[in-house]
Amino acid sequence: MNHPLLSVKNLTIDYIGDRKDFRAVDDVSFDIAPGEVFGLAGESGCGKSTIAFAISRLHKPPALIRRQSKILLNGRDVLDLTPQALAAFRWREVAMVFQSAMNSLNPVSRIGDQFHDVLMSHTTMTKAQARERAAEMLRLVDISPDRLRDYPHQFSGGMRQRIVIAICMALDPKLVIMDEPTTALDVVVQREILQRINDLRRTFGFSVLFITHDLGLMVQFCDRIGIMLAGRLVEENAAEAIFQTPGHDYTKKLWSSFPSLHGGALL
Amino acid sequence: MSQAILTLDGVTKTFGHGPSTVHATRSVSFSLHAGRALALVGESGSGKTTCARMAMREYQPTAGQILYKGKSIAEAGSSDITDYRRAVQMIFQDPFASLNPAHTIAYHLTRPLKLHRPEIKGGAIRAAVGDLLRQVQLDPDIVLGKYPHELSGGQRQRVNIARALATRPEVIVADEPTSMLDVSVRLGILNLLNKMKQEMKLALLYITHDIATARYIAEDIAVMYAGQIVEWGPTGRVIENPIHPYTRLLLSAVPDPQIRFDDPRARLRSREVENVRRGSGVPESEALEYEAGHFARKLAMEPG
């Protein structure tokens, strides 16, 4: 890849324990090109969320990123950023949609105010401009802008998830990290949301790091996929290849743990 | 077919009153038979869990009745109710919240034995607990003295299954038993439920939003939307030949690695989705049989 947007090199993360350390991420390297959707798949505890948190430096002790690790975004090492630079970097360059993001909205604050929080702390927008931008973002995710004065509980789970995504997009980030963004939603809503994200990235050209344990969904959405096992990246390939010709035994096993809609039954 | 063990007959449940009434289920009917599984699928809020709770007698139906071996449970006396509580057991979605964190696994399995199987006494209880754990493929020597937090999600769900089996049940209601588990252990739990169903001739009500797992474990399927069962029949037939627009929508949204999102075939058009949702939400009492045992509700607009 000539000019990757994100380049993770030899990332090693330990959880420091009293007696011994636990290596959660073991010498992982991968690149994400501009406009690309890269997927990380694996079972729980394999380190995929730890990587997601490390990229926006949201990891907390006892997690420790080992010294030889590098996380380069447009050539700049995220791990070297000063606190001020880090504050400017989050949301503007890398935004994150968390697992069960629909519960990450503030329940006692109106949707419009939550947009303002993000916009006002990162830009010099006036209140009117911020309102304009918030309305524009809501239209992108198919929610009527006149609902900016509503509270989170007045929306369904799928709508709340779309609002979180809209807030993420409000500052035109270059990379959006999505950690199991649709796991709590039913399949129809899940498809609607991911389809919309796919359209948006075609329009705006941002990259996505997509994390899920649903391999079928991942192949549909991602351009390239990395398979993780116990902290290591064991296979990395184009999405079609992961599906058609999985190389690693673990990838094959992962595929066989999904009941297929048209496959055999147990009966 | 043999006599149904548990039947929901035209069961309606509403919450609230006046203009804010919510119809959680509308005239839902289905039967559970020994050794067979019925999958109840639908999106969140479609009324699946309300059906489960009515089957567990946690909610009283607003209208309609629930029959246990042909007898209405609304008229049952207290000894019948005790028997019903023994015979109908539930496995919950959240394996972390459904075990008491302050008690050992041994306690969790001893309680149902003492309450519902008085014939097992003294030292036999410990042996019975060991047998239960072996049935769900856990090693009693390792697991018995442990507390729930010392077990993984999959192990906890196995303990929950053992707890349900302790009372020698006839019906198991499993509400999304695998949705909080990791993919790598999900299949193991499904295989275990399937084995229990076959070996102990259990009637299984399997509630899920994952239609692919329904295919894997259940002979019959019922698709719910907005409190109504919109289509029901043999699982294979419903999946291969869906009639109702909502069933088709649900099936088309199941992740399929063969079709990428950029492919026009994968496209869900939001206007069509809205139309299907609006059309399917209208109460409709008539259903047509399209092939043997495969029914679908009529829709104001023509399917297709």
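Order of the sequence lines fixes the chain letters, A, B, ..., with proteins taken first and strands second; residue numbering starts at 1 for each chain.
Residue A/F243 touches chain B through its side chain alone, counting heavy-atom pairs closer than 4.5 Å. Neither the backbone nor the side chain of A/R196 has a heavy atom closer than 4.5 Å to any heavy atom of chain B. Residue A/Q190 touches chain B through its side chain alone, counting heavy-atom pairs closer than 4.5 Å. At a 4.5 Å heavy-atom cutoff, B/S179 makes no contact with chain A through either its backbone or its side chain. When heavy atoms are compared at a cutoff of 4.5 Å, A/I242 does not approach chain B at all.
Just one of A/Q195, A/R202, A/Q220 meets the side-chain contact (heavy atoms from CB on, under 4.5 Å) condition when paired with B/D262; it is A/R202.
Remark: A/E240 CD to B/Q258 CD distance equals 11.5 Å, nearest 0.5 Å. With values rounded to the nearest 0.5 angstrom, A/E192 atom CD is found 7.5 Å from B/E274 atom CD. With rounding to the nearest 0.5 angstrom, the CG atom of B/L181 is 12.5 Å from the CD atom of A/E43.
Looking at residues two or more places apart in sequence or on another chain, you find a side-chain hydrogen bond (donor to acceptor under 3.5 Å, both in side chains) between B/T247 and B/E231. Residues satisfying the side chain to side chain contact (heavy atoms under 4.5 Å, CB included) criterion with B/R53, sequence neighbours excluded, are B/T49, B/E58, B/Y59.
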> Under the side chain to side chain contact (heavy atoms under 4.5 Å, CB included) criterion, do B/E43 and A/V187 qualify, and how do the steps go?
Replying inline: CA-CA 8 Å; B/E43 61 179 22; A/V187 285; over 6 Å; no

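Using a 4.5 Å cut-off on side-chain heavy atoms (C-beta onward), A/L217 and B/F261 make contact.
Between B/D256 and A/R191, no side-chain nitrogen of the basic residue sits less than 4.0 Å from a carboxylate oxygen of the acidic one, so the salt-bridge criterion is not met.
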